[in-house]
Amino acid sequence: MLVAVDVQVTLSWDSPTYDGGCEIEGYSVDVSLVNPSARTFSQIPPVYCFEHEVVIEDVENCVPYRFEIKAENCKGYGPGQSVVATPIPSSTPRIVTASSLGIWCPK
């Protein structure tokens with residue numbers, strides 16, 4: 001699930017169906033702009049977590065971001081899964097799904 005509201009994005013996910021024969025040790029979440037040439041922004045460093053949920057703060061409203069989640073085990077990182085989200089002002093909260101990525105943001 002993904003919730004993108006007012007300068008933050010909350011991501012949650014399930015464990016991979018196959019762990020490669022080693023227990024999952026944690027997850028890395030990489031953050032990037034969907035259209036980096038359109039603007040400059042402060043690079044958000046990768047987030048490392050041990051749970052199945054993370055809150056990414058200090059993202060800009062109405063700007064689409066790509067989040068890539070990778071599981072890590074004793075053999076390294078597995079293939080990543082990406083999702084795109086656009087945080088919207090808190091006056092219009094909504095849950096973002098793949099079908100609602102074309103949301104409206106006031107200028």
Side-chain angles (χ1 to χ4, degrees):
M1 185 169 92
L2 183 147
V3 179
V5 177
D6 210 15
V7 301
Q8 74 177 28
V9 174
T10 303
L11 301 164
S12 60
W13 57 89
D14 294 324
S15 296
T17 55
Y18 178 66
D19 63 11
C22 297
E23 184 177 334
I24 301 297
E25 298 171 359
Y27 299 89
S28 174
V29 180
D30 293 321
V31 182
S32 61
L33 288 172
V34 170
N35 186 3
S37 62
R39 62 188 330 111
T40 60
F41 79 114
S42 299
Q43 180 66 34
I44 298 173
V47 176
Y48 195 82
C49 59
F50 301 98
E51 303 299 324
H52 293 105
E53 182 175 286
V54 66
V55 177
I56 309 291
E57 297 180 326
D58 301 323
V59 291
E60 189 176 337
N61 283 339
C62 300
V63 175
Y65 291 88
R66 177 173 287 107
F67 302 90
E68 183 178 27
I69 303 165
K70 295 180 276 188
E72 181 184 24
N73 66 11
C74 66
K75 296 179 181 180
Y77 287 103
Q81 292 291 317
S82 293
V83 65
V84 172
T86 303
I88 58 175
S90 61
S91 61
T92 56
R94 68 193 307 177
I95 294 178
V96 178
T97 63
S99 62
S100 67
L101 290 177
I103 60 175
W104 174 82
C105 280
K107 299 270 183 208

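The structure places CD of Glu57 at 8.5 Å from OG1 of Thr10, a figure rounded to the nearest 0.5 Å. Within the model, atoms CZ of Phe67 and CD of Gln81 stand 15.5 Å from one another, a figure rounded to the nearest 0.5 Å. From Cys22, atom SG reaches atom CD1 of Ile24 across 8.5 Å, with rounding to the nearest 0.5 Å. Separating the SG atom in Cys62 from the CD1 atom in Ile88 is a distance of 8.0 Å, to the nearest 0.5 Å. Annotation: the span from Tyr48 atom OH to Tyr27 atom OH amounts to 9.5 Å, rounded to 0.5 Å.
The number of heavy-atom neighbours closer than 6.0 Å to CD of Glu25, taken from other residues, nucleotides and ligands shown, is above 12.
Phe50 and Tyr77 fall within the same hydrophobic cluster, where Ile, Leu, Val, Met, Phe, Trp and Tyr residues are linked whenever their side-chain heavy atoms come under 4.5 Å apart, directly or through other members.
The main-chain N or O of Val7 is found under 3.5 Å from a side-chain atom of Asn61 such that the two form a donor-acceptor pair.
Minimum interatomic distance between Pro87 and Gln8 (heavy atoms only, all atoms of both residues): CB-O, 4.4 Å. Arg66 and Leu33 make their closest contact through NH1-O, 4.4 Å (heavy atoms, listed as atom of the first residue, atom of the second, distance). Between Pro46 and Asp30, the shortest heavy-atom distance links the atoms CB-OD1, 3.2 Å. Considering all non-hydrogen atoms of both residues, His52 and Ser15 come closest at NE2-OG, 2.7 Å.
In this structure, Glu68 and Ser82 have side chains that are in contact, with non-hydrogen atoms separated by less than 4.5 Å. The shortest distance between side-chain heavy atoms of Val9 and Tyr65 does not fall below 4.5 Å.
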